[in-house]
Amino acid sequence: MSAQLVTLRSREDARTVAEAGCTVLATYPDALLASCTDEQRDELLAAGLEAVEIEYQPVEAPGASFTLESAGTADQLAPLAKAPGRTAYYLVGMAGPAHGSWLAELEALGGSVHGTLPGFTLVVGIAPERESELVSLPWVRGIASYRPLMKVHPDLRVGRRAVEHAELGEPTGALEPSDATAQVEIAVFAGELIAPLRGFVEEHGGTVLTAGEHELVALVPNQAVPAIAEQPGIAAVQPHQFPRLFNNVATGIMGVPGDRKISGTALSGTKQIVAIADGGLDTGDAKTVHADLMGRVNAIVSFPIDQAWRGMSTNAAPFDDGPADKNEGHGTHVAGSVAGDGSAARSAGAP
């Protein structure tokens, strides 16, 4: 059996797929996904339908690139212990593009989607007692444990290389970092608590530098990295550097003249109004934004996720995270580049 994406040009096309004996897994606006034998696919093609077999790319996790099948083999060779009643994390291979009904079935089992990876793969948190039910869903082509070796960035390992397929089942000692001490960012899945992780890092000789809601930055000894990665709630362990200022030289890199004159016209931005669509702006309140934008913001508007896309979102209701730039800083960076007046840089002594 193979998954076929069949283009629908009329209602009769869907009927043809059913009459051929294929199992319909999902219906999209202009196509459907069906599981067919080779003979059934040939029948569809003979009827003039366009059917394309789904190809599955390798899964790209923070620390490894592998096929879902090799991850499943690693589970057989070196099973991970999962505590009953405690959320465990899995890679769930879908038969094709995600469908809202599939996500609803996951939710009905008590599962939560924490991300997507190449190869039509979901990162799912679910009680291990529901694993057999998860595997039995018709659109699930396979599942595998989210293993410690998948979490750790290659730069934190000897040789600075990604894990190979055959290594997925090896002990986590293979995670030995390349340096005696590493500055790392450790991310946890939504719903996991940072406080226990902080304590764990400190118990293993690490020093926590900053901590947020879903991640912390720490200096850790190399022998602590495998133990950290083995914690079930950990999503990723990656190298970290504190941000450095580069945007103060952006105009020179772009070749903007120092006097801002282009073709004889001085560009100052005066009396110009610009609209920026991004991830929010600083505090979200025009009265308390960054000094470079103070008095320069007419309005900050937050647009919630459209109803049509809410089934694909891992955000919590009401699907509106507000106008503030809470976690990323990208919206504030872009707004400052486009409309900032440079007040903060000048007060710091920049030319």
Side-chain angles (χ1 to χ4, degrees), residues 26-31 33 60 62 92 94 96-108 110-118 120-125 185 187-192 194 210-215 235-236 238 243 245-247 250 254 267-344:
T27 301
Y28 310 102
D30 299 307
L33 184 70
E60 300 284 346
V92 178
M94 299 179 289
H99 192 271
S101 64
W102 301 352
L103 302 183
E105 290 178 326
L106 267 178
E107 186 175 340
S112 299
V113 176
H114 291 274
T116 60
L117 298 174
F120 300 114
T121 304
L122 301 176
V123 182
V124 172
E185 180 179 75
V188 300
F189 290 110
E192 300 286 347
I194 280 290
T210 65
E213 184 179 0
H214 299 300
E215 71 288 318
Q238 305 191 71
L245 184 63
F246 289 109
N247 203 45
M254 294 185 292
L267 304 179
S268 65
T270 303
K271 298 181 180 180
Q272 300 294 309
I273 298 176
V274 296
I276 300 168
D278 210 294
L281 176 59
D282 200 26
T283 63
D285 184 347
K287 297 178 182 178
T288 60
V289 293
H290 190 278
D292 284 11
L293 293 161
M294 186 66 68
R296 304 171 71 85
V297 179
N298 288 346
I300 310 174
V301 180
S302 177
F303 293 97
I305 297 173
D306 186 270
Q307 182 69 38
W309 297 101
R310 291 186 179 183
M312 304 294 290
S313 173
T314 59
N315 289 14
F319 301 97
D320 185 352
D321 61 1
D325 189 7
K326 298 178 181 178
N327 299 316
E328 297 181 356
H330 191 270
T332 304
H333 166 79
V334 172
S337 297
V338 175
D341 66 0
S343 298

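Because the structure is predicted, anything quoted here is derived from the model rather than measured.
By the side-chain contact (heavy atoms from CB on, under 4.5 Å) test, Ala324 pairs with Lys326, sequence neighbours left out. Taking Glu192 as the reference, Arg86 meet the salt bridge (charged side-chain N to carboxylate O under 4.0 Å, His left out) condition, with sequence neighbours excluded. Residues satisfying the side-chain hydrogen bond (donor to acceptor under 3.5 Å, both in side chains) criterion with Ser302, sequence neighbours excluded, are Asp320. Qualifying side-chain hydrogen bond (donor to acceptor under 3.5 Å, both in side chains) partners for Asp341, counting only residues two or more places apart in sequence or in other chains: Ser343. In this structure, Thr116 has no side-chain hydrogen bond (donor to acceptor under 3.5 Å, both in side chains) partners at least two apart in sequence or on a different chain. Partners of Asp325 under the side-chain hydrogen bond (donor to acceptor under 3.5 Å, both in side chains) rule, at least two apart in sequence or in another chain, are Thr332. With sequence neighbours excluded, the residues that form a ring-ring contact (aromatic ring centres under 6.0 Å, His included) with His114 are Tyr89, Phe189. In this structure, the side-chain contact (heavy atoms from CB on, under 4.5 Å) partners of Thr283, at least two apart in sequence or on a different chain, are Asp285, Thr288, Val289.
Within the 3.5 Å criterion, the main-chain N or O of Pro97 finds a donor-acceptor partner in the side chain of Tyr28. In this structure, His330 contributes its side chain and Asp278 its backbone to no donor-acceptor pair below 3.5 Å.
The two residues Arg296 and Ala339 have their closest heavy-atom pair at NE-O, 2.6 Å. Closest approach of Gly191 to His214, counting heavy atoms only: N-CE1, 4.4 Å.
Side-chain contact check for Glu60 versus Leu117: every heavy-atom pair is 4.5 Å or farther apart. Under the 4.5 Å side-chain criterion, counting only non-hydrogen atoms from C-beta, Val188 is not in contact with Glu215. At least one side-chain heavy atom of Leu281 sits less than 4.5 Å from a side-chain heavy atom of Val297.
Expressed to the nearest 0.5 Å, how far CG of Leu33 lies from CH2 of Trp102 amounts to 5.0 Å. The CG atom of Leu122 sits 11.5 Å away from atom OG of Ser112, with the distance rounded to the nearest 0.5 Å.
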**Study point:** Derivation and outcome, side chain to side chain contact (heavy atoms under 4.5 Å, CB included), residues Leu103 and Val113
**Key:** CA-CA 8 Å; Leu103 302 183; Val113 176; 4.0 Å; yes

Practice item. Start with the C-alpha distance between Val338 and Ile276, add both sets of side-chain angles, then the distance that settles side chain to side chain contact (heavy atoms under 4.5 Å, CB included), and finish with yes or no. Key: CA-CA 9 Å; Val338 175; Ile276 300 168; 3.9 Å; yes

